[in-house]
Amino acid sequence: MVKFSKELEAQLIPEWKEAFVNYKQLKKHIKRIKLSRIQKHQQPPPCGGGSSAADFGRSIFDSFRFVANKFCFTSDNNKQDLIQVRRKTMEDGEEEVYETELAQLFSEEDEVHVFFASLDEELNKVNQFYKKQEIEFLERGEMLNKQLQIMLDLNQLLIEKRCKNPSPKAFNAGIFPHSPTRNSYFSKSVGESDNESNSEISQTEEVMTTLERNGVNFVKSATRMKTKKGKAKMAIRIDIPATTPSRSITAVTSMLWEDLVNSPIKEGSGGGGEFINKRKIQYAEKMIRSAFVELYKGLGLLKTYSSLNMVAFSKILKKFDKVSCQQTSTNYLKEVKRSHFVSSDKVVRLMDEVESIFTKHFANNDRKKAMKFLRPQQQKASHMVTFLVGLCTGSFVSLFCIYAILAHLCGIFSPSTETTYMDSVYPVFSVFALFSLHLFMYGCNLYMWKGTRINHNFIFEFSQSTALKHRDAFLMCTIFMTTVVGAMVIHLVLRAAAFSPNQVDAIPGILLLSFIALLICPFDFFYRPTRFCFLRVLRNIACSPFYKVLLVDFFMADQLTSQIPLLRHLETTSCHIFARIFRTHRPESCHSGRLYVELTYIVSFMPYYWRALQCTRRWFDDGDVNHLLNMGKYVSAMVAAGARVTYSRQDNHLWFAMVLVTSVVATLYQLYWDFVKDWGLLNPNSKNPWLRDDLILKNKTIYYISMALNVVLRVAWVETIMHLRVGPIQTRLLDFLLASLEVIRRGHWNFYRLENEHLNNVGHFRAVKAVPLPFRELDSDS
């Protein structure tokens, strides 16, 4: 049977861990009470409180006497209030705390006082945290109801306008139907009608005034433009915060478009009237829906928080009764059940209300559909995935052994064939090998994050139902490597069978094109959500200054900075494909010439350049100077990378000194940022020497070893300036080894980077995502 302490550890909410009952500490107090009893009574009497066998002697009536004494003791205990729990109100009059008074002295008086003092402290902590979270969720619920009501009022206003003015423009543009889930909200342009009554005008004015008061911003609402008949023209502006990358440009362009459409120039064109931006209202609907989903998720977490803490209190009080041999915890347990975090039903009622609202307005009264949004089901771990991982791993090892034997028998690495083979085949296979290694390291990260309860899906804002698991990452890695090594074996077999070299050397290119086709395939197979998320993040990275930078964006950009050798191999492979298929240039120019040198510089700079642009955008959005300092780190890395590329072509003392200086400065800059900013370590005032106060891994030595390993792998660039005198094959293998070490270092870095981010969320009790709302608050206007 699993101990409750382990069960609580497995089920508690990681971000709220500090707010839960400290069950382990309370168990330690129980153990101290038990040890104190053992020390005072080497042979403790039976728990019924009766006399020992030596007082009565051995008799057949001893068992009856023991039972009678036990019943008498129990009835007496129930009548006596040995523990009295009092509620006290603090001086501010808002917070209510619990304080326990012992009406009878226990034999272990000091230990019992300490235990109940700790228990009171835990109960007050749980109660206060629950009240705070409950108030926040209730306020959020009221705000969402207000936002939804604004949306429904706006819908009703437009429907009434369309019914009274059935112009062709109105029907062509359309407005959203009663259910926001089908066609959402559409732009509407309604022509004026000369025969509108004054009551209709006043009714429209009243509705529009109400919407303005509730946060809908009408362009120039204070001096609303009038038509020739004196009727007001409607031009609604809805604030859509640029919280996701796809909204940054849209928010600017749609605002400019609204200003253009609602400008006085349009007044005389006859096409004026009411205008509502279709896309922004669609975003508004989606934001309100996402906010309801997050609210429901937070309410569910708070409900779980309440139930787990209630069970923890009951379990620890039972342990106290067992150790003290007195049924004294009944009164305390009654007070726990009457406390706010157990007795309050506001959370349950709000959950029911959210379910009802979501089902009615966002699921077309289909409860089953609504529950798919509110309670998404996680995919169950399949044994088939584990089986396929083992199968592909065995196939990869077997094929690699076959490849090594065939390469030796065919003399593929002999001086006569090594140049051609290395130039055309090695870059492609290196791309897949480095990519598969990175996938393997990511799978290890997922496994470690899961084992240490780091909520990576919440940090990356991944969906629980489609997020990649560690077995899935291992399966993708082994499939790629099995396919690649199988292609290498086929390549050698066809080469030995005297096939045309041009035809045989096309196999690596076909393999690369097949991989790209699989990556962009729109059909729902082989982890389509993960593939599309990967492409979307790459798009955001490539257009860094124009998109708001999310954590997953700069996390992926950091991965690219460790895959510069892969990008260079990819550039070489693409050059060979264009040279052999499209005949745009000679294949020899892919390894020498001006074009090759320029592409080498660009590829070496691009990951650092993208990352620097992301830092600039984050500074522009947040105004934090640390983002500019982080940008300086990537600028120094760009300078060092450029110096190393130049030194590889101009081997002289001047460039050697340049490489040494720039690389040392960049490495020191990177190490400081790794340890202090990204990992949160090297805190001299920490209770853990030169680490941080909160550590997820229990063994502190692991952190010191990781820091030393990161230093060693950060200075691997020293080999690139040593110019070791080895053969071409050894040089290629050494470059591949160094590239692999950098990927391993990045995977090692990933764990501590996300650990630090998780601890930041824990420190601020962030367990649900804060979704921005579309309609502005009244206070924001001032």
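- For the atom pair Thr530 OG1 and Lys469 NZ, the distance stands at 9.5 Å (nearest 0.5 Å).
- Contact annotation: the side chain of Phe292 approaches that of Leu148 to within less than 4.5 Å [non-hydrogen atoms, C-beta and beyond].
- Within the 4.5 Å cutoff, the side chain of Ile520 has no heavy atoms near those of the Phe532 side chain.
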Checklist entry - Please walk me through it: do Phe373 and Phe358 pass ring pair (Phe, Tyr, Trp, His ring centres under 6.0 Å)? => result CA-CA 9 Å; Phe373 285 95; Phe358 198 91; 5.8 Å; yes
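- Taking 4.5 Å as the limit, some side-chain heavy atom of Glu134 sits within range of a side-chain heavy atom of His340.
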Next on the checklist: Could you go through Glu353 and Arg349, starting from their C-alpha distance and side-chain angles, then the distance that decides it, and tell me whether this counts as salt bridge (charged side-chain N to carboxylate O under 4.0 Å, His left out)?
Outcome noted: CA-CA 6 Å; Glu353 184 181 351; Arg349 287 193 283 110; over 6 Å; no
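- Legend: residues meeting side-chain contact (heavy atoms from CB on, under 4.5 Å) with Glu294, ordered by chain and number and at least two apart, are Lys297, Val768, Lys769, Val771.
- Residues Phe129 and Phe765 bring their aromatic ring centres within 6.0 Å.
- With sequence neighbours excluded, no residue forms a side-chain hydrogen bond (donor to acceptor under 3.5 Å, both in side chains) with Ser307.
- Checked by atom type and distance alone, the side chain of Asp622 never pairs as donor or acceptor with a backbone atom of Asp624 at under 3.5 Å.
- Note: His758 NE2 to Arg766 CZ = 11.5 Å, rounded to the nearest 0.5 Å.
- Counting heavy atoms from C-beta on, the side chains of Phe546 and Asn540 never come closer than 4.5 Å.
- The line from CG of Asn750 to CG of Asn445 is 4.5 Å long, rounded to the nearest 0.5 Å.
- Using the six-membered ring where Trp is involved, Phe20 and Tyr305 have ring planes that are perpendicular, over 60° apart on the 30 and 60° scheme.
- For the atom pair CZ (Phe460) and CE (Met556), the distance works out to 8.5 Å, reported to the nearest 0.5 Å.
- The line from CZ of Arg289 to CG of Leu374 is 11.0 Å long, rounded to the nearest 0.5 Å.
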